[in-house]
Amino acid sequence: MTARSTDRVIGRGRRQPTIGAGMFGAGNQGRSGGRRARLRRAAALALVGAVLTGAAACGGDRATDGDKEGKDARTDGKAPASTPAESTASAGSGTSGGSGALSQRDLTALAFTDGEKIGKYTAGEFSLGEPQGEDYTADPATCQPLVSLAKGATAFDPASEVHRNVDVAEEMVGTTVAVQLRSYNGGGAVGVMKALGAAGKACAGGFVENRAVAKGQYLKVEPVKAPDHGDEAQAYRFTILDVKGTLKLYEYLTVVRSGATTLSFRADILDTKDIGKVPEEVITAQWKKFEAASTR
C-alpha cells in the first residue's frame, strides 16, 4: 500500500482505510459513480495484491470545507486563509492574477456538476471534502505544492474551492482525475503558480510524501507539455515507488491559472500503467465550461 491510501465511505459516516485511485490517487469518495468505482476497485485488488501486502491503515478523517473554515489562524508563518469574496471578480482578469476571488457559489457554478458526462467520463462530488488535503505533506516542505495545493500548502490560501472526481464508472481499473478549482484574493493565484514552479525545479530528483503513518517515495518529477489555456499553465509527470520498493507508479498533474483562479487536474490509475497525461477531454471540457461562464 502507498502513502495516498484514502478513507473510503462505508455506509453513512463510517470510514474504512482502503486503497485509493491509482495507489497514490485521490480515491472515489461519495456520489453514486464513486460507489460504483469503489466496487470495481475492490474487485481489482486481486490484480495488485502484492502491492497491498503489509498495507498500513491511514487514520483520521479528512476535514470538510466547514471544518477547515475555523483553521485560519496559523502559527507557522504562512499567510492566513482569505475569506470568500462577496462579489465575483472576473476569472480572466489578466496576468496580474486579479484582485478578488470568486465566491463559493460562483466558483461552484463554473465546475463540473454531479453526474455530468465528459465523453466516457462522469464527474461527481467528493463527499468527504477535498482530496489531497491538509494531512498530505511533503519532505522537504518545498515540494508541498506538488503533493497538494490545499490551505497551508503555500503562503497563499484559497478563498473558495470546489473539488470534483472524474472517472469511468464502468471500468474496473481505469483513470481517475481529481479536478480542483480554487480562487484567491490579491495575487494569490500567481503566487501559487510560482511556488508550484519552484517545487517542480527543486524536487526534480524526488521527495517523500507523508500521509499519516504511511510514506511514499517520489523518484522523479518531470515537466511535460502543458495545455494552452488561461494566463499560464504547468504540467508534471511523477514517477512514484510503491511502499514495497518494487513497482513504479505514475501520476500526472496539470494546473492552469486564469486570473485569480487555478484549475488543477491530478490523474492516476490503479495499475503500473503509464497513462501518458491527464486526459485532454477532461481538461478541455472543464476549461471551456469555466471560460464560457466566467466571461458572461
Side-chain angles (χ1 to χ4, degrees), residues 1-6 18-29 33-34 36-48 50-52 112 116-124 126 131-132 136 146-149 163-180 196 200 203-204 206-207 209 216-229 233-243 246-256 263-287:
M1 179 149 172
T2 57
R4 196 165 290 165
S5 170
T6 59
T18 60
I19 193 165
M23 307 176 200
F24 265 74
N28 292 282
Q29 304 161 334
R36 290 195 300 272
R38 288 194 299 275
L39 290 175
R40 70 176 185 270
R41 280 173 169 76
L45 294 182
L47 302 178
V48 289
V51 180
L52 303 181
F112 289 136
E116 184 171 345
K117 290 287 187 179
I118 310 100
K120 66 179 182 178
Y121 298 94
T122 303
F126 289 95
Q132 290 85 52
Y136 288 90
L146 298 171
V147 170
S148 169
L149 291 177
H163 312 281
R164 297 289 183 259
N165 179 73
V166 177
D167 64 8
V168 181
E170 295 75 21
E171 289 187 357
M172 182 175 293
V173 178
T175 301
T176 297
V177 186
V179 181
Q180 300 172 279
L196 179 64
C203 308
F207 62 94
E209 178 190 83
Q217 179 67 52
Y218 281 59
L219 300 177
K220 188 184 299 184
V221 175
E222 302 170 274
V224 294
K225 182 176 174 57
D228 188 21
H229 299 318
Q234 298 179 36
Y236 298 95
R237 174 184 185 261
F238 305 133
T239 302
I240 306 168
L241 193 66
D242 78 295
V243 72
T246 57
L247 301 177
K248 289 183 179 180
L249 314 173
Y250 303 95
E251 257 185 35
Y252 286 83
L253 173 67
T254 295
V255 183
V256 177
L263 297 78
S264 172
F265 306 85
R266 185 180 291 269
D268 56 23
I269 189 171
L270 186 64
D271 201 333
T272 56
K273 175 183 177 182
D274 186 345
I275 59 176
K277 59 185 173 182
V278 178
E280 288 184 9
E281 57 265 52
V282 175
I283 295 178
T284 300
Q286 177 59 88
W287 170 252

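Both backbone and side-chain heavy atoms feed into the values below; hydrogens, waters and symmetry mates do not.
Heavy-atom minimum distance, N165 versus T176: OD1-CG2, 3.2 Å. Contact detail for S264 and V255: the closest heavy-atom pair is OG-CG2, 4.0 Å. Across all non-hydrogen atoms, the minimal contact from V221 to G200 is CG1-O, 4.2 Å. Closest approach of A267 and T175 over heavy atoms only: CB-CG2, 4.3 Å. Considering all non-hydrogen atoms of both residues, I283 and H229 come closest at CG2-CD2, 3.9 Å.
Qualifying salt bridge (charged side-chain N to carboxylate O under 4.0 Å, His left out) partners for K273, counting only residues two or more places apart in sequence or in other chains: none. Applying the side-chain contact (heavy atoms from CB on, under 4.5 Å) test to A226 and every residue at least two apart in sequence or in another chain returns A233, A235. Evaluation of the side-chain contact (heavy atoms from CB on, under 4.5 Å) rule for T239 yields L219, K220, E222, R237, K248, Y250 as partners, not counting sequence neighbours. For Y252, there are no ring-ring contact (aromatic ring centres under 6.0 Å, His included) partners at least two apart in sequence or on another chain. For Y121, the ring-ring contact (aromatic ring centres under 6.0 Å, His included) test picks out no residue, with sequence neighbours left out. Not a single salt bridge (charged side-chain N to carboxylate O under 4.0 Å, His left out) links E281 to another residue, sequence neighbours left out.
Judged by distance alone, with hydrogens and angles left aside, the side-chain atoms of E209 form no donor-acceptor pair with the main-chain N or O of Y136 at under 3.5 Å. At least one donor-acceptor pair closer than 3.5 Å links the side chain of Q217 to the backbone N or O of F207.
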Requested in this report: Test E116 against V166 for side-chain contact (heavy atoms from CB on, under 4.5 Å), laying out the working first.
Outcome: CA-CA 9 Å; E116 184 171 345; V166 177; over 6 Å; no
Query - F238/D268 under side-chain contact (heavy atoms from CB on, under 4.5 Å): CA gap, chis, key distance, verdict - result: CA-CA 10 Å; F238 305 133; D268 56 23; over 6 Å; no
Query raised in the report: When you look at L149 and Q180, which way does the side-chain contact (heavy atoms from CB on, under 4.5 Å) test go after all the steps?
Result: CA-CA 9 Å; L149 291 177; Q180 300 172 279; over 6 Å; no
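Note that OG1 of T254 is 13.0 Å distant from CD of Q286, once rounded to the nearest 0.5 Å. Note that CG of L249 and CG of D271 are 9.0 Å apart. Values are rounded to the nearest 0.5 Å.
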